[in-house]
J.: 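My structure is below; once you've seen it, I'll send some questions.
A note on names: the letters A, B, ... follow the listed sequences, proteins ahead of strands, and every chain is numbered from 1.
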Number of protein chains: 2
Amino acid sequence: MTDTDLLRRHGLRVTGPRLAVLEALESHAHLGADEVLRRVRTTLPSVSVQAVYDVLHALADAGLLRRIEPAGHPARYERRTGDNHHHVVCRGCGAVDDVDCAVGHAPCLVPSSTSGFAVEAAEVTFWGLCPACRTTA
Amino acid sequence: MTDTDLLRRHGLRVTGPRLAVLEALESHAHLGADEVLRRVRTTLPSVSVQAVYDVLHALADAGLLRRIEPAGHPARYERRTGDNHHHVVCRGCGAVDDVDCAVGHAPCLVPSSTSGFAVEAAEVTFWGLCPACRTTA
DNA sequence: ACGTATTCTGGAATCATTCAAGTAACCGTC
DNA sequence: GACGGTTACTTGAATGATTCCAGAATACGT
């Protein structure tokens with residue numbers, strides 16, 4: 001299935017910026033808005049900052065993109081959606097990588113006491129040092 | 001142990017703003033910097049914005065405060081540190097509450113594959129609706 | 001009490017992101 | 001294959017949380 005089909009299937013118009021954003025995140029996961037913009041502009045030099053933000057929001061709302069916001073870092077986006085995978089974030093350089101759920105099926109989705117909250121989702125973030133920053137430190 | 005002792009024990013100077021910040025977070029956990037400032041100013045009206053940020057950083061660096069940053073919300077601070085407890089965040093109003101770890105001892109601290117990262121900590125955030133927002137919706 | 005390192009004040013600057021108004025483009029219909 | 005309406009994009013400015021800077025004030029060891 002092409003990205004064009006993917007967009008249509010989700011009721012979204014097919015535009016250059018949208019295809020370019022999907023393309024950028026296909027080859028590089030966990031990019032920030034600024035990096036997405038930079039990559040998009042290598043093929044579509046006139047794309048505006050807001051276009052990228054609009055596209056990222058539209059695609060995230062449609063479920064085509066997942067947005068993650070590691071504390072202290074700008075938001076990142078990835079195409080891997082639907083599964084409950086988590087992330088490791090490097091304390092040194094901010095690099096992000098995927099981590100599959102640790103213990104069987106979604107263990108963290110069941111908190112002990114919810115204080116009356118209706119819990120819909122759980123999000124796990126691991127913090128540490130990436131291989132590069134480990135050797136530096 | 002008084003907050004004064006607590007500060008000295010951690011090698012920090014004892015100042016009005018620091019005591020006031022600790023005091024504010026003693027009675028109300030998960031306050032944002034703006035709410036801390038507002039509460040501090042009820043007793044010390046001349047405290048500056050930056051003083052509060054400096055104090056929050058100093059206390060967090062010393063391990064007296066824990067900083068949490070729910071995606072899409074300004075940072076919150078709490079005095080409960082050292083244990084690995086987690087948080088529920090309301091998608092409606094941003095309210096935060098504590099949640100003890102779900103499954104025995106820190107299950108989420110052991111990811112399946114770390115991609116070479118040296119993992120130091122795991123952070124779990126549950127998303128849902130607080131009691132108030134549930135009835136409204 | 002003195003002196004100095006640290007902290008606090010006040011104001012401006014930064015970053016990521018969003019808002020607003022006008023122009024351009026996608027795409028169902030003719 | 002052109003038309004028109006809706007949706008997306010462009011340009012430019014604004015926002016909110018946080019940080020930077022320089023100078024005045026304060027804590028606390030001597």
Side-chain angles (χ1 to χ4, degrees), chain A residues 2-22 24 30-41 43-62 64-65 67-77 89 94 96, chain B residues 2-24 30-38 40-41 43-62 64-65 67-77 89 94 96:
Chain A
T2 74
D3 286 341
T4 297
D5 294 336
L6 191 65
L7 287 169
R8 289 226 172 81
R9 192 168 297 198
H10 285 262
L12 296 172
R13 287 194 180 174
V14 179
T15 69
R18 289 181 176 179
L19 290 172
V21 166
L22 285 172
H30 314 124
L31 295 179
D34 56 339
E35 290 170 315
V36 171
L37 177 65
R38 199 171 51 73
R39 286 174 190 278
V40 164
R41 280 186 172 163
T43 54
L44 298 172
S46 68
V47 169
S48 67
V49 176
Q50 286 65 24
V52 167
Y53 277 102
D54 287 349
V55 168
L56 290 171
H57 281 150
L59 298 185
D61 288 348
L64 289 177
L65 247 46
R67 173 194 181 104
I68 59 174
E69 293 184 46
H73 296 275
R76 314 293 186 89
Y77 297 85
V89 184
V96 176
Chain B
T2 75
D3 286 341
T4 297
D5 295 334
L6 191 65
L7 287 169
R8 287 226 173 82
R9 191 168 300 199
H10 285 261
L12 295 172
R13 289 195 179 175
V14 179
T15 68
R18 290 181 175 180
L19 290 172
V21 166
L22 286 172
E23 174 69 22
H30 313 125
L31 296 179
D34 55 339
E35 290 170 315
V36 170
L37 177 65
R38 199 170 50 74
V40 165
R41 281 187 171 162
T43 53
L44 299 173
S46 69
V47 168
S48 67
V49 176
Q50 287 65 24
V52 167
Y53 277 103
D54 287 349
V55 168
L56 290 171
H57 282 150
L59 298 185
D61 288 348
L64 289 177
L65 248 46
R67 173 194 180 105
I68 59 174
E69 293 185 45
H73 296 275
R76 314 292 186 89
Y77 297 84
V89 183
V96 176

J.: Report, one line per pair, each donor and acceptor closer than 3.5 Å where one atom sits in a side chain of residues 5-20 of chain B; sequence neighbours left out.
T.:
{"from": "B:D5", "atom 1": "OD2", "to": "B:T2", "atom 2": "OG1", "distance (Å)": "3.3"}
{"from": "B:H10", "atom 1": "ND1", "to": "B:A62", "atom 2": "O", "distance (Å)": "3.4"}
{"from": "B:T15", "atom 1": "OG1", "to": "B:R18", "atom 2": "N", "distance (Å)": "3.4"}
{"from": "B:R18", "atom 1": "NH1", "to": "B:R13", "atom 2": "O", "distance (Å)": "3.0"}

J.: At the 4.0 Å heavy-atom cut-off to chain B, mark where contacts on DNA chain D begin and end, going 5' to 3'.
T.: D:dA17 to D:dC28
J.: Could I get the full list of salt bridge (charged side-chain N to carboxylate O under 4.0 Å, His left out) partners for A:R76, not counting sequence neighbours?
T.: none
J.: Encode nucleotides 22-30 of chain C as B, S and - characters from 5' to 3', where the letter depends on protein heavy atoms closer than 4.0 Å: B to the base, S only to sugar-phosphate, - to neither.
T.: ---BBS---
J.: End-to-end bend of the helix from C:dA1-D:dT30 to C:dC30-D:dG1 (five-pair axes, 10° rounding)?
T.: 30°
J.: Give the table of side-chain donor-acceptor pairs shorter than 3.5 Å for residues 49-59 of chain A, with sequence neighbours excluded, one pair per line with atom names and distance.
T.:
{"from": "A:H57", "atom 1": "ND1", "to": "A:Y53", "atom 2": "O", "distance (Å)": "3.4"}

J.: Which atom names give the shortest non-hydrogen contact between A:P74 and A:P70, and what distance separates them?
T.: O-CD, 4.1 Å
J.: Got a list of protein N/O to nucleotides 15-17 of chain C N/O distances below 3.5 Å?
T.:
{"from": "C:dT17", "atom 1": "OP1", "to": "A:A75", "atom 2": "N", "distance (Å)": "3.1"}
{"from": "C:dT17", "atom 1": "OP2", "to": "A:Y53", "atom 2": "OH", "distance (Å)": "2.8"}

J.: Whole angstroms only, please: what is the CG-P distance between B:D61 and C:dT6?
T.: 15 Å
J.: In whole Å, what is the span from the CG atom of B:D54 to the P atom of C:dT9?
T.: 9 Å
J.: Tell me every residue that passes salt bridge (charged side-chain N to carboxylate O under 4.0 Å, His left out) with B:E69, counting only those two or more places apart in sequence or in another chain.
T.: B:R67
J.: Work out which heavy atom in A:A24 is nearest to a heavy atom in A:R39; give both atom names and the distance.
T.: CB-CB, 4.0 Å
J.: Assess the residue pair A:L44 and A:V47 against the criterion (side chain to side chain contact (heavy atoms under 4.5 Å, CB included)); give the C-alpha distance rounded to whole Å, side-chain angles, the decisive distance to 0.1 Å, and a yes or no.
T.: CA-CA 6 Å; A:L44 298 172; A:V47 169; 3.6 Å; yes
